[in-house]
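Below: one structure, written as structure tokens.
Sequential numbering from 1 along the given sequence is applied to the chain's residues.
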Amino acid sequence: MITERKSMTADELLTYDAGAQRTELVRGRLVVREPASYGHGAVAGRVHARISAWLEHDRVQRNAADDRGDVLAAETGFTLARNPDTVRAPDVAYVRAERRPTSTRGFPDLAPDLAVEVLSPDDRPGEVLAKVGDWLNAGTTIVWVIDPYRRNARHFAADGTIMLLGEHDTLDAAPVLDGLHIPLPALWR
């Protein structure tokens, strides 16, 4: 007798104990990965720091009390689809202020405006492209896939544009954050 396993939901993922492993939910199926490496974390941290610093500089330049949005740290989950549920967690995300969820509990039913994926040596190209597709199909405007091992990046846009950036090129966050540019060499230190 074959028994079909019940799909997991986003709410069940919230209470799932995976220990130190990273988890995502893809069309109801739990995906478990080992913790990220030091190099992976360093690059993701540098991207987060650059976006955060630019947002603060922008706020000061505008002499504004408000901010443009939230930069979210690694592994913040977003519910991108329901029935079956898909919860993806980028290495860095940005959500514009006007799109902030009304509750900070659980995984919001929204896609970030910018999702950043930093590759690990064991990432499979097909899985990475599937993740990029999930982000874009759910409404993400820009997805950056940064490869610290090959020292390059790919910029995927909602309009279907894909740009390959070499190790000395610069990431551009327009139209999500006009004026934010991150030189790739700053990530390779």
Side-chain angles (χ1 to χ4, degrees), residues 13 18-26 31-58 67-80 86-96 99-100 104 107-108 110-136 138 140-157 162-174 176-177 179-189:
L13 180 60
Q21 295 175 313
R22 300 178 298 158
T23 60
E24 288 184 319
L25 194 59
V26 180
V31 177
V32 180
R33 296 189 174 174
E34 294 303 315
S37 69
Y38 186 92
H40 177 279
V43 170
R46 289 180 191 122
V47 171
H48 187 285
R50 289 283 178 139
I51 296 171
S52 296
W54 185 88
L55 285 168
E56 180 58 20
H57 175 77
D58 174 74
D67 58 17
R68 291 194 186 269
D70 296 322
V71 184
L72 300 151
E75 305 310 320
T76 300
F78 293 87
T79 304
L80 303 181
T86 294
V87 176
R88 292 288 198 178
D91 294 306
V92 180
Y94 169 75
V95 176
R96 289 176 300 157
R99 297 186 63 243
R100 281 183 179 119
T104 57
F107 307 119
L110 64 88
D113 297 286
L114 169 66
V116 181
E117 297 290 345
V118 178
L119 296 183
S120 294
D122 62 336
D123 282 331
R124 293 187 177 128
E127 291 173 358
V128 173
L129 288 176
K131 190 180 272 197
V132 169
D134 285 346
W135 289 122
L136 295 173
T140 298
T141 304
I142 297 172
V143 180
W144 290 340
V145 177
I146 300 170
D147 187 340
Y149 306 97
R150 290 186 179 86
R151 293 187 171 216
N152 66 30
R154 284 187 169 72
H155 174 116
F156 296 86
I162 302 170
M163 291 183 286
L164 175 62
L165 304 170
E167 70 177 303
H168 299 291
D169 289 332
T170 299
L171 291 163
D172 184 340
V176 174
L177 291 168
L180 170 63
H181 306 284
I182 301 176
L184 288 175
L187 304 180
W188 311 143
R189 309 186 262 139

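Between the side chain of Thr140 and the main chain of Pro112, a donor-acceptor pair closer than 3.5 Å is present. With hydrogens and angles disregarded, a donor-acceptor distance shorter than 3.5 Å links the side chain of Asp172 to the backbone of Ala174. At distances below 3.5 Å, at least one donor-acceptor pair connects side-chain atoms of Trp54 with backbone N or O atoms of Gly179. Looking only at distances, no side-chain donor or acceptor of Arg154 sits under 3.5 Å from a matching main-chain atom of Val143.
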Q) Does the pair Glu24 and Thr86 meet the rule for a side chain to side chain contact (heavy atoms under 4.5 Å, CB included), with working shown? A) CA-CA 8 Å; Glu24 288 184 319; Thr86 294; over 6 Å; no

Q) Under the side chain to side chain contact (heavy atoms under 4.5 Å, CB included) criterion, do His40 and Leu119 qualify, and how do the steps go? A) CA-CA 7 Å; His40 177 279; Leu119 296 183; over 6 Å; no

Q | side chain to side chain contact (heavy atoms under 4.5 Å, CB included) assessment of Glu117 paired with Val132 | A | CA-CA 9 Å; Glu117 297 290 345; Val132 169; 5.5 Å; no

Q: Applying side chain to side chain contact (heavy atoms under 4.5 Å, CB included), run through Leu55 and Leu177 and close with a yes or a no.
A: CA-CA 9 Å; Leu55 285 168; Leu177 291 168; 3.9 Å; yes

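When all heavy atoms of Ser120 and Arg22 are compared, the closest pair comes out as OG-NH2, 4.5 Å. Contact record, Pro90 with Ala115: CB-CB, 4.2 Å, taken as the closest heavy-atom pair. Contact record, Arg68 with Tyr94: O-OH, 2.8 Å, taken as the closest heavy-atom pair. Taking both residues in full, the closest heavy atoms of Val92 and Ala44 are given as CG2-O, 3.4 Å, listed atom of the first, atom of the second, then distance. Arg100 approaches Val95 most closely through the heavy-atom pair N-CG1, 4.1 Å.
Between Leu184 and Glu167, the closest side-chain pair of non-hydrogen atoms is not below 4.5 Å. Residues Glu75 and Asp91 have side chains in contact (heavy-atom distance under 4.5 Å, counting atoms from C-beta outward). Taking the side chain as every heavy atom from C-beta outward, Ile142 and His155 approach each other to under 4.5 Å. No side-chain heavy atom of Phe78 sits less than 4.5 Å from a side-chain heavy atom of Asp134.
Applying the side-chain contact (heavy atoms from CB on, under 4.5 Å) test between Leu180 and each of Asp58, Ile51, Leu171 identifies Ile51 as the sole match. Results of the side-chain contact (heavy atoms from CB on, under 4.5 Å) test with Ile146 over Ile182, Asn152, Val43 single out Val43 as the only residue that passes.
The OG1 atom of Thr23 lies 10.5 Å from the CZ atom of Arg33; values are rounded to the nearest 0.5 Å. Here Leu165 contributes atom CG and Asp147 contributes atom CG; the two are 12.0 Å apart, rounded to the nearest 0.5 Å. The CG atom of Leu80 sits 10.5 Å away from atom CG of Leu136, with the distance rounded to the nearest 0.5 Å.
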